[in-house]
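Below: one structure, written as structure tokens.
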Amino acid sequence: MRTNKYKLLVLSDLKNSVDSTLKSTVSLAKIIGGEITFFHVKKASDVVEDENQLSAKRTINQKHFATKRKIESLINPIKEAYGVNITTSFSYGNVKYEIESYLKENKPDIIVLGKRKASRLGLIGDNITSFILNNFNGVVMIASNKKALEPSEEIGLGMLNASNKQIDFEFAKDLMANTQKPLKSFKIIKKASEEIKGQNQLNENSVEYVFEQADNNIKVIDKYLLKNNINLLCIDRASHQNKNKLSAKKSNIEEVIDNLNVSFLVTGSKNLNRR
């Protein structure tokens with residue numbers, strides 16, 4: 001059995017749907033047994049604009065306290081509403097460098113990002129979503145700004161181009177135990193007549209929808225997600241999978257995330273093995 005809690009790290013720019021992101025994080029943390037840390041990075045250029053040393057120091061102090069108060073105003077209502085502890089921290093500097101340093105030092109199991117309303121998926125600065133997917137091996141949750149996971153409710157979990165192997169990440173059993181039944185699977189194939197040997201169904205308690213590859217697949221799947229009350233879609237980003245497997249490829253994951261109105265659980269490029 002796991003002796004320590006999963007470490008969930010929320011990365012936020014304090015601008016986009018922080019409340020929804022935190023609710024979804026709390027929901028996942030309660031299901032799998034996790035502790036939450038909230039981390040924010042502010043670009044140095046946004047803090048210091050005056051070259052005068054004394055003035056710059058005064059500005060840093062002022063913005064430090066202003067940032068701390070803003071984070072507290074966002075975090076405290078969630079902590080009180082759901083009875084959870086959320087550790088907070090923030091830093092100044094190059095955004096990607098600060099995040100990378102934080103990840104190396106703290107080694108989170110799961111990173112949670114808020115989904116932007118715009119088509120470009122930058123979280124903080126320039127495309128932090130891509131940066132995380134390319135540099136972090138663990139599970140990544142992209143929290144919807146419209147359909148937050150509610151901590152007191154079961155999750156409507158869906159799988160995109162899934163196989164039995166895909167749902168074999170460490171906390172899958174805990175997640176599945178808190179998922180509405182039956183599990184919904186959505187699969188895109190090249191031809192309607194194509195035979196999918198051994199992958200027709202995840203298990204006996206799942207329902208699978210198969211779509212022939214077409215330009216409007218995303219719109220069609222989005223309608224099915226809504227119809228089936230799916231609020232968390234699991235997709236795979238393993239770069240080592242061969243071309244014959246029907247998993248979502250790394251190259252189009254961001255397109256899928258950008259165009260479907262749900263939260264996403266993007267599986268890691270390697271399984272967590274800490275039990």
d(Glu170 CD, Leu175 CG) to nearest 0.5 Å is 13.0 Å
Rounded to the nearest 0.5 Å, the CG atom of Asp13 sits from the NZ atom of Lys42 at a distance of 9.5 Å
Nearest heavy-atom approach of Lys181 to Thr179 is NZ-O, 2.8 Å
Linked, directly or transitively: Ile230 and Leu226 (ILVMFWY side chains, under 4.5 Å)
no
The reported gap from CG in Leu157 to CG in Asn229 (rounded to nearest 0.5 angstrom) is 13.0 Å
One should read off an interatomic distance between Asn261 CG and Asn145 CG, to the nearest 0.5 angstrom, of 8.5 Å
Note: Phe264 and Val256 closest approach over all heavy atoms is CZ-O, 3.7 Å
Residues at least two apart in sequence or cross-chain that pass side chain to side chain donor-acceptor pair (under 3.5 Å) with Ser91, listed by chain then number, are Glu98
- Query: Which is it for Asn135 and Ile99 under the side-chain contact (heavy atoms from CB on, under 4.5 Å) test, yes or no, and what are the steps along the way?
  - Reply: CA-CA 11 Å; Asn135 292 278; Ile99 290 176; over 6 Å; no
Keeping the roles fixed (side chain from Asp109, backbone from Lys7), state whether a donor-acceptor pair exists under 3.5 Å. yes
Looking only at heavy atoms, the pair that brings Ser144 and Ser263 closest together is N-OG, 2.8 Å
On a heavy-atom basis, the closest approach of Val262 and Lys115 is O-NZ, 4.4 Å
Exactly one of Phe38, Tyr97, Phe39 clears ring pair (Phe, Tyr, Trp, His ring centres under 6.0 Å) with Tyr102, and that residue is Phe39
Distance col, row Asn76:CG vs Ile71:CD1, nearest 0.5 angstrom, shows 11.0 Å
By side chain to side chain donor-acceptor pair (under 3.5 Å), Asn178 pairs with (sequence neighbours left out) none
Throw together a table of side-chain donor-acceptor distances under 3.5 angstrom for residues 22-31, partners on residues two or more places apart or in other chains.
residue, atom, partner, partner atom, Å
Ser24, OG, Ser20, O, 3.3
Ser24, OG, Leu149, N, 3.0
Thr25, OG1, Thr21, O, 2.7
Lys30, NZ, Tyr82, O, 3.2

For Asn259, the side chain to side chain donor-acceptor pair (under 3.5 Å) test, sequence neighbours excluded, returns none
*Please test Asn161 against Ile235 for side-chain contact (heavy atoms from CB on, under 4.5 Å), starting from the C-alpha separation and ending with a verdict.*
CA-CA 7 Å; Asn161 294 335; Ile235 58 179; over 6 Å; no
Value for CG (Asn217) from CG (Asp222), rounded to nearest 0.5 Å, stands at 12.0 Å
Requested in this report: Using the six-membered ring wherever Trp is involved, compare the ring planes of Phe211 and Phe186 and label them parallel, tilted or perpendicular (cut-offs 30° and 60°).
Outcome: parallel
By side chain to side chain donor-acceptor pair (under 3.5 Å), Asn228 pairs with (sequence neighbours left out) Tyr209
Residues Leu232 and Met141: closest non-hydrogen pair is CD1-SD, 4.3 Å
What one should report as the nearest heavy-atom pair of Leu14 and Lys70 is O-NZ, 3.5 Å
Taken in chain and number order and not counting sequence neighbours, the residues that satisfy side-chain contact (heavy atoms from CB on, under 4.5 Å) with Asn216 are Ala214, Val220
Is there a donor-acceptor pair closer than 3.5 Å between any side-chain N or O of Asp19 and the backbone N or O of Leu74?
no
**Q.** side-chain contact (heavy atoms from CB on, under 4.5 Å) assessment of Val10 paired with Ile86
**A.** CA-CA 10 Å; Val10 180; Ile86 302 176; over 6 Å; no
Pair Thr129, Glu254 - check side-chain hydrogen bond (donor to acceptor under 3.5 Å, both in side chains), show working.
CA-CA 8 Å; Thr129 299; Glu254 289 185 47; over 6 Å; no
Assess the residue pair Asn85 and Ile36 against the criterion (side-chain contact (heavy atoms from CB on, under 4.5 Å)); give the C-alpha distance rounded to whole Å, side-chain angles, the decisive distance to 0.1 Å, and a yes or no.
CA-CA 7 Å; Asn85 182 52; Ile36 304 170; over 6 Å; no
Give the cluster check for Val207 versus Leu160: same hydrophobic cluster or not, with ILVMFWY residues linked at side-chain heavy-atom distances below 4.5 Å. yes
